[in-house]
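Just so we're clear, the structure is a prediction, and the values are computed from it rather than from any experiment. The chains referred to below are lettered A, B, ... by the order of the sequence lines, with proteins before strands, and numbering in each begins at 1. Values below: all heavy atoms of this structure, side chains included; hydrogens, waters and symmetry mates excluded.
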2 protein chains.
Amino acid sequence: MKQKSITIYDIAREANVSSATVSRVIAGNYPVSEKTKKKVFDLIEKYDYQPNAVARSLTKKESKMIGVILPDITNPFFAQVFIEAEKYALTKGYTLILCNSMNSSELESKHLRVLSERQVEGIIFMGGRINKTYPEVSEINELKYVIEKIPVILVNGRMETLECPSISTNEAKGIELIIDHLVKQGHTKIGLIGGMTGITTTDIKVEAFRKSLEKHKLAAVNSWQIYSGYDVKRGKEAMEEMLKVNKHNLPTAIIGINDLVVIGALKLCHQKKMNNFSFVGFDDSELTQNSIPEITSVSHPYKELGEKAVDMLIKSKTTDVKAENLFIDPHLVIRESTI
Amino acid sequence: MKQKSITIYDIAREANVSSATVSRVIAGNYPVSEKTKKKVFDLIEKYDYQPNAVARSLTKKESKMIGVILPDITNPFFAQVFIEAEKYALTKGYTLILCNSMNSSELESKHLRVLSERQVEGIIFMGGRINKTYPEVSEINELKYVIEKIPVILVNGRMETLECPSISTNEAKGIELIIDHLVKQGHTKIGLIGGMTGITTTDIKVEAFRKSLEKHKLAAVNSWQIYSGYDVKRGKEAMEEMLKVNKHNLPTAIIGINDLVVIGALKLCHQKKMNNFSFVGFDDSELTQNSIPEITSVSHPYKELGEKAVDMLIKSKTTDVKAENLFIDPHLVIRESTI
DNA sequence: TCTTCGGATGTAACCGGTTTCTATACAATG
DNA sequence: CATTGTATAGAAACCGGTTACATCCGAAGA
C-alpha cells in the first residue's frame, strides 16, 4: 500500500520559503542565511524528509547508478569484485545494479536494455564469453550499440572486436609467480591443466606458462599441458588424461587454470591414492582454504579491479576516457598444497 | 560524456502527433488508430527509442525496483536466493538492487536510507543478525521506521521484536530429514555441532534435533551437541571438543549446523586420520560437492524463497499483506559422506 | 435531421526535484 | 546622494514521461 511521502514543497511551505531555497539548503552550494538554514534543517529533521532520488535523477540527468553484468554471482571471483565495487561506489554516492547473465546472450541483451532504460551512468561487464571467439554477432552489435551511448568497462576480459576500456588481472604475471615459486621448491617438471584454446584468459596463461618455463630453462613437455575446461569435472578429466598419457614421465607439480580444476584433480588423486603432486590453483577462492590440503593459489587484485572499474566509469562522465587496457599484478598465496 | 537521447517528444514531433498519443501507443492500453500506431512504431524502431525509466518512475510513482539487503553475497546461500529472486523479478519488470551489509549495522542503515530515497517498492532482508538478541536497538528502530513506509520481507529470519512478513526454509523439517536418513542407515548415536544459542536458526535446529531423536526413541546425549559458530574454524574446534569430551563414547554420525562447519570437522578428522564418521551438512552449497568425501546436505528451497519474496512485495503494493510467516520444506541431497 | 455515443487525439497539469533568471534590500563606494 | 555590488530569495521553466479532461468527428439511433 503506497503512501505519499513528504516533499520539498511540504518543507518549503511550512518554512515559509520557496522550494528553491530548500533545495539550496540541502545542496549547500549557494548562500542561504543562517536563519532560514536552521528553519529548514529543523523541519527536515522533524519530518525525516528524504529527497526523492528519482526526481533528482530526472532533473540532474544523472542517475548515480552503475550496472554490473556478470555471468553468475555464485562464482566467488565475480562476487568478490562486485563487493569491492559496491563498497567503493557507496562512498561515491553511487548504487550498483547487479545483473546475472547466466551466460545467456538473450539475458545479457535484456539486461543491457533494462540498464540503459534506467539511465545507468555506466556498465561494468565481466564474463568469460568475452573473447576473440565471442560467438553471437548480434550481441556484439547490441553491446557496441550500448557502448556508444553508455560508458562500458570490461573486467578481466577483452573484446578484440570492440574498442572498450578494460581492467584486468595480469594473469601472465600470476603464472610467472607460480612457476618461480615451484622452481624455488625444487620442481623441474611442471604441468598445466584446464582451460580452452581460444578463450583469452586461457591463451594468456598458456603463453605465460611456456615463457616462464623457458625463463628457468625448463623443458616444456607438450603432453604436460592439457586443455579441458573450467569446472571440477573437467579438472578430474584432465588429471585422468595426465596420468594416462604420461604414465612413465609425470610432472611433479601441476597448475590448474583455476581453483575448481585443481579441486577436480585433487579428487581424482585422492581416489587413486596418489598424494605425490604439488598443486597450484588460480583465483584464490574460498575453495582453496576449504579443501584438503589447502591449495596454493593466485589471488586477484579484487579491490583494485572493483574500485578502478567504478572510478573509470565515474570519470568518463566528465572526461573522454580513451579505451585503455589496464593490468594489475596479482599475488601468490602459498598453502599446504605446495609445501 | 553524456549525450542526450531521444525522447517521446522527438517521436511525437516527427510523427505529427502529440506526446500523449505516443505514450498511448507504447502502453497499448488505449485505442489508437492503426495508422498512427504504425507511424509511431516505425519511428520507435528507426531511432531505437527507449523510454526513460526514471521519468516514468516519477510520474507513475512506481520505481519497479526492489532492494535486497544481505550480509555477504559471497555466501552461497544468499547468492542462490538472490539469483532466483532476480530471475523472477525480471519477468515481472522489476529490477533488484543488491546491498551487502557485511554484518555492519552502520552499513545496513546506510543502505536502508539509500534504498528508501531511491523509492524502491520493497525490501528483501536476509541475514543472521535478525534474531531475538538482535543487538542494535537504534537499528531496529531504523528498520521499524522503514517498514512503516516500505514493505519489507525477511528471508530465513525472524525478528521477534518486529512484526514483519517472512518466508523461510522449514529448518526443523530439514533436521528431521537428516535424522530419518541417518537412522535408516543404521546410526543410533548422532551428534550436532556448530551454531550459537540465541540465534533463531540455531535454536530451531537444536530443538528439532532433540525432537527427532525422541521420535526415533534415541538417546540425546548432551555432550554430543556442541555449540561453536558458523565457519570452518568453528567447525574444527567443535569437532576437537567432540573428540576430547566423548573420548569413550563417540557418536557415529555428526550433523553440522551448516556446510562450512562440516568442512572444518572433516579437516580435523583428516588430520587425525579418523575416517569413521558420517557427516551431514546444511545449505547444500557448492562446497558439499567439492569436498572429499562429497557431503550429504539439506538443500534450501531456493527458488521458492526467491520468488515468493519478490511476489509478496509486488502484491503488497495493492493488497495489504498481513505479516504472515511462510515456511517451505527443504529436501535432503544424499552424497558420499553418509554412505 | 438532430442527438447521441464512442473512438481517436490533443491540451495541459502533474510527478518532485534543480537551476536560471530576476528582484529586492542593504552595505559600500565615489 | 547617486551608484554599484553583494547576499538572499522567489518565480518559473525544465527534466521526460503519464493521464484526466476536453475536443472533434463520423456513425448509429430517434
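Rounded to an integer number of Å, the gap from NZ of A:Lys61 to C1' of D:dC14 is 10 Å. Between A:Ile8 atom CD1 and D:dG10 atom C1' the separation is 14 Å, expressed in whole Å. Separating the CZ atom of A:Arg118 from the C1' atom of D:dG17 is a distance of 14 Å, rounded to the nearest angstrom.
Contacts with DNA chain D (heavy atom under 4.0 Å) in residues 19-31 of chain A: A:Ala20, A:Thr21, A:Arg24, A:Tyr30, A:Pro31, listed by number. The stretch residues 43-57 of chain B has no heavy atom under 4.0 Å from DNA chain C, so no residue of it qualifies as close.
With hydrogens and angles ignored, the 3.5 Å screen pairs no side-chain donor or acceptor of A:Glu163 with any backbone N or O of A:Ala323. No donor-acceptor distance shorter than 3.5 angstrom exists from the side chain of B:Thr319 to the backbone of B:Ser316, with no hydrogens or angles considered. Without hydrogens or angle criteria, B:Ser168 side chain to B:Phe327 main chain gives no donor-acceptor distance under 3.5 Å. For the pair A:Asn100 (side chain) and A:Met102 (backbone), a donor-acceptor distance under 3.5 Å is absent.
B:Asp10 comes within 4.0 angstrom of nothing in the nucleic acid, heavy atoms only. Using a 4.0 Å heavy-atom cutoff across all strands shown, B:Ser33 reaches sugar-phosphate atoms only and no base atom.
Screening B:Val17, B:Thr7, B:Thr36 against B:Val22 for a side chain to side chain contact (heavy atoms under 4.5 Å, CB included) leaves a single residue, B:Val17.
Here chain B contacts DNA chain C (any atom closer than 4.0 Å to a heavy atom, that is under 4.0 Å), and the contacts span C:dA8 to C:dG16 from 5' to 3'.
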* **Test salt bridge (Lys or Arg N to Asp or Glu O under 4.0 Å) applied to B:Glu121 and B:Lys64, step by step** => CA-CA 7 Å; B:Glu121 294 179 21; B:Lys64 292 274 184 180; over 6 Å; no

* Take B:Lys37 and B:Asp42 through the salt bridge (Lys or Arg N to Asp or Glu O under 4.0 Å) test and state the conclusion after the steps. => CA-CA 8 Å; B:Lys37 229 184 243 175; B:Asp42 284 352; over 6 Å; no

* **Step-by-step side-chain contact (heavy atoms from CB on, under 4.5 Å) determination, B:Leu115 to B:Cys99** => CA-CA 9 Å; B:Leu115 291 177; B:Cys99 303; 4.0 Å; yes

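No side-chain donor-acceptor contact under 3.5 Å links A:Tyr49 and A:Asp10. Checking B:Arg118 against A:Thr95 by side-chain atom types alone, a donor-acceptor pair falls below 3.5 Å.
Considering only side-chain N and O atoms, B:Thr59 lies nowhere under 4.0 angstrom from the phosphate OP1 or OP2 of D:dG17.
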